[in-house]
Amino acid sequence: MSTIAAYYNNKSILITGATGFLGKVLMEKLFRSSPDLKVIYILVRPKSGQTLQQRVFHILNCELFKEVREICPNVQEKIRAIYADLSQDDFAISKEDMEELLSCTNIIFHCAATVRFDEPLRSAVQLNVVATQKLLLMAGQMPKLEAFIHLSTAFSNCYRKHIDEVIYPCPVEPKKIIHSMEWLDDAIIDEITPKLIGDRPNTYTYSKALGEMVVQQEGEKLNIAIVRPSIVGPTWQEPFPGWIDTMNGISKIIIAAGKGLLQLQAVEPTNVVDLIPADTVINLTLAVGWYTAVHRPKTMLIYHSTSGHINPFYCKEMGLQLTATLEKIPLEKPFRRPYTIGTTSTISKQYWNTVSHHAYAIIYDFYLILTGRKPRMTKLLNRILKTISKLEYFSSQSWEWTTYNTEMLMSQLSPEDQRVFNFDVRHLNWSQYMENYVLGIKKYLLKEDMAGIPEVKQHLRRLRNIYYFFNTTLFLIACRLLIARSQMARNVWFFIVSFCYKFLSYFRASRMLKA
Ligand SMILES: CCCCCCCCCCCCCCCCCCCCCC(=O)SCCNC(=O)CCNC(=O)[C@H](O)C(C)(C)COP(=O)(O)OP(=O)(O)OC[C@H]1O[C@@H](n2cnc3c(N)ncnc32)[C@H](O)[C@@H]1OP(=O)(O)O
Ligand SMILES: NC(=O)C1=CN([C@@H]2O[C@H](COP(=O)(O)OP(=O)(O)OC[C@H]3O[C@@H](n4cnc5c(N)ncnc54)[C@H](OP(=O)(O)O)[C@@H]3O)[C@@H](O)[C@H]2O)C=CC1
């Protein structure tokens, strides 16, 4: 049996952010690989009118947990959902629940965070820094705690091009930031936010960097490690390929491209898209949990979960794969045929934005008005372009992450552990992965009907014909206008027509001779 899987058996595990994308994949893998674990405590808040129990029921009944439901029929009994709101001072956990957590927890996986790039600094700090600090305080009171694993992001120091497995301190101490958030009003915080975040693009990356500093400073007495994934994509292999249920940045680009709404993305074709599958991140996280608890490294280790250094996926390749896949597995109701253009040149971006986005939206809205309907495409397009512009910082650059600790950990694993907790992406086939990515988006995120694919393909063929007809008409109109105004254009036009005529006559004559 796998040593790591055996380690988690009979353990009481606390997970924050279990209702999120990575939290679900983490719980699933734990139940699948170590069905004899004692209990998983999850800190959950009621949301969207659902109680805690309804949320847990919903998670356990999703496709991701299909295999777990068979392997571990009593899975419901092994999950203890604890009411908690991490943005509140004491997490709003009841006294009894807190006592149970403090006395029983063996391992903590801290996944909860706000991942919105445009979160106001106050909320980002509250969740990604203050909540982390409080959880560390709680961890310090847990006599049975063996390891505390904190999920951060490989982009917490994205102002650097080369990122090592170390903490890079922020100029202002987290404690000072936390303190200032207590008395400054929102308007002032908004004003100083750009100065505080400095070269970072948003409050997310900044607050995650502060969170790491807090982990380093306050977790000194704990057995602690940080995992930093890059851009997390759907599952690669486990429990099945393509599972995804989150609309993160890159999925937004894929959906907008699949719906034919977005053709241009600010990317340098030779840049690397550092995608990492969710199951790879979770296998590494579980291996880190085991290693930290059993081998107790003297210093806190940071592990990068990235792909670019060993199996780079270039933007150009991704664009091509995406276009090909979206032809094979089209998304429902496309506005236009999916096509991808990647550029970072301002002039080129403006040209393609006008020709490829705005012109179509205006024409379509005009058509809607003519047919007595309300125009909506320009509004939708502007909204999508605004959203996508917030991702430009990440799509237009490349980073390099060192992975010595991740490689060291891999070398410490037995062959069986390397198989069961595989986090080696060297053999990941990106073309296959992209296909499963689109399939996963279609099936699990957009919940579209697979049986409708032939109909969509037919619709795409119609769109292609409209596109050719439209372009030919435009070309002919342009020629006609030019001919009317310029003797030179007239000469060129007559030359082309007479050349074509002569070629056709020759072709017909030679065919008649052969017959
Ligand atoms: C096509 C050409 C392709 C060419 C070639 C191909 C190569 C491509 C290469 C790509 C390179 C890599 C890219 C890197 C991306 C991520 C990097 C992550 C790095 C960090 C990693 C981490 O550690 S990060 C953790 C995860 N964190 C996120 O990943 C961001 C979360 N995200 C947000 O922080 C918010 O999203 C943000 C963004 C603030 C906007 O915020 P926002 O308010 O402007 O926009 P919203 O998202 O709220 O959407 C507002 C309304 O637009 C509607 N809409 C939105 N998209 C739509 C759509 N596609 N189709 C229809 N409709 C859509 C939506 O349905 C809403 O409508 P309604 O309001 O009616 O519901
Ligand atoms: N996804 C990605 O691309 C990447 C993610 N990461 C990191 O991985 C971790 C998990 O990310 P991911 O799963 O994608 O994020 P999600 O947004 O999918 O999940 C966030 C989780 O945090 C919980 N949460 C947020 N606010 C509160 C609160 N006030 N009280 C209690 N719980 C709260 C959410 O609960 P609820 O369901 O109630 O909202 C949810 O379970 C994060 O730390 C993130 O920074 C790092 C790199 C990339």
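Atoms within each ligand, like the ligands themselves, are counted from 1 in listed order.
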Discussion item. Counting only heavy atoms closer than 4.0 Å, does ligand 2 sit against the backbone of Ala131, its side chain, both, or neither?
Written reply: neither
Item to complete: Go through ligand 2 atom by atom and flag the ones less than 4.0 Å from a non-hydrogen atom of Cys111.
Response: 9 (C), 10 (C), 42 (C), 43 (O)
Worksheet item: Using heavy atoms and a threshold below 4.0 Å, how should the contact between Thr114 and ligand 2 be classified: side chain, backbone, both, or neither?
Response: neither
Fill in: Identified side-chain hydrogen bond (donor to acceptor under 3.5 Å, both in side chains) counterpart of Thr403 within the set His309, His304, Glu165
His309
Discussion item. If we count only N and O atoms by modelled type, under 3.5 Å, do the side chains of Trp430 and Asn311 hold a donor and an acceptor together?
Written reply: yes
Discussion item. Any salt bridge linking Glu238 with Lys29? Criterion: basic side-chain nitrogen under 4.0 Å from a carboxylate oxygen.
Written reply: yes
Worksheet item: Which one of Asn128, Leu86, Thr16 has a non-hydrogen atom at the shortest distance from atom 31 (C) of ligand 2?
Response: Leu86
Practice prompt. List every atom of ligand 2 that sits less than 4.0 Å from any heavy atom of Ser87, numbering the atoms from 1 in the order shown and giving each element.
Written response: 29 (N)
Worksheet item: Which of the numbered atoms in ligand 2 are below 4.0 angstrom from a heavy atom of Arg55?
Response: 36 (P), 37 (O), 38 (O)
Fill in: Geometric N/O contact Ala112 with ligand 2, under 3.5 angstrom
no
Discussion item. If you take the centroid of each ring, where Trp contributes its six-membered ring, are Tyr8 and Phe31 closer together than 6.0 Å?
Written reply: no
Worksheet entry | Any N or O of Gly23 closer than 3.5 Å to N or O of ligand 2 | no
Worksheet item: Does an N or O from Arg45, backbone or side chain, lie closer than 3.5 Å to an N or O of ligand 2?
Response: yes
Worksheet item: Between the main-chain N or O of Thr193 and the side-chain N or O of Tyr206, is there a donor-acceptor pair closer than 3.5 Å?
Response: no
Fill in: Distance-minimising heavy-atom pair for Ala131 and Phe91
O-CZ, 3.4 Å
Worksheet item: With Ser207, which of Asn202, Asn128, Thr114, Thr132 fulfils side-chain hydrogen bond (donor to acceptor under 3.5 Å, both in side chains)?
Response: Asn128
Worksheet item: Does Pro229, backbone or side chain, put an N or O under 3.5 Å from an N or O of ligand 2?
Response: no
Practice prompt. Report the part of Phe155 in contact with ligand 2, treating N, CA, C, O as backbone and CB onward as side chain, heavy atoms under 4.0 Å; options are side chain, backbone, both, neither.
Written response: neither
Worksheet item: Heavy atom under 4.0 Å from ligand 2: found in Asn248's side chain, backbone, both, or neither?
Response: side chain
Worksheet item: At a non-hydrogen distance cut-off of under 4.0 Å, which region of Val115 contacts ligand 2 (side chain, backbone, both, or neither)?
Response: side chain
Discussion item. For the aromatic rings, using the six-membered ring if either is Trp, is the centroid distance between Trp290 and His295 under 6.0 Å?
Written reply: yes
Worksheet item: Is Phe21 close to ligand 2, meaning an N/O of one under 3.5 Å from an N/O of the other?
Response: yes
Discussion item. At under 4.0 Å between heavy atoms, is it the side chain or the backbone of Ser230 that contacts ligand 2, or both, or neither?
Written reply: backbone
Worksheet item: Can you find an N/O atom of Thr153 closer than 3.5 Å to an N/O atom of ligand 2?
Response: no
Worksheet entry | Location of contacts on Lys208 toward ligand 2, heavy atoms closer than 4.0 Å | side chain
Item to complete: Consider ligand 2: state whether an atom of it lies below 4.0 angstrom from any non-hydrogen atom of Tyr204.
Response: yes
Practice prompt. Please determine if Lys24 and Glu28 form a salt bridge, counting it only when a charged side-chain N lies under 4.0 Å from a carboxylate O.
Written response: no
Item to complete: Under the ring pair (Phe, Tyr, Trp, His ring centres under 6.0 Å) rule, what do Phe117 and Phe394 come out as? Steps first, then yes or no, please.
Response: CA-CA 11 Å; Phe117 295 158; Phe394 299 98; 5.1 Å; yes
Worksheet entry | Lys78 atom NZ, neighbour heavy-atom count above 12 within 6.0 Å | yes
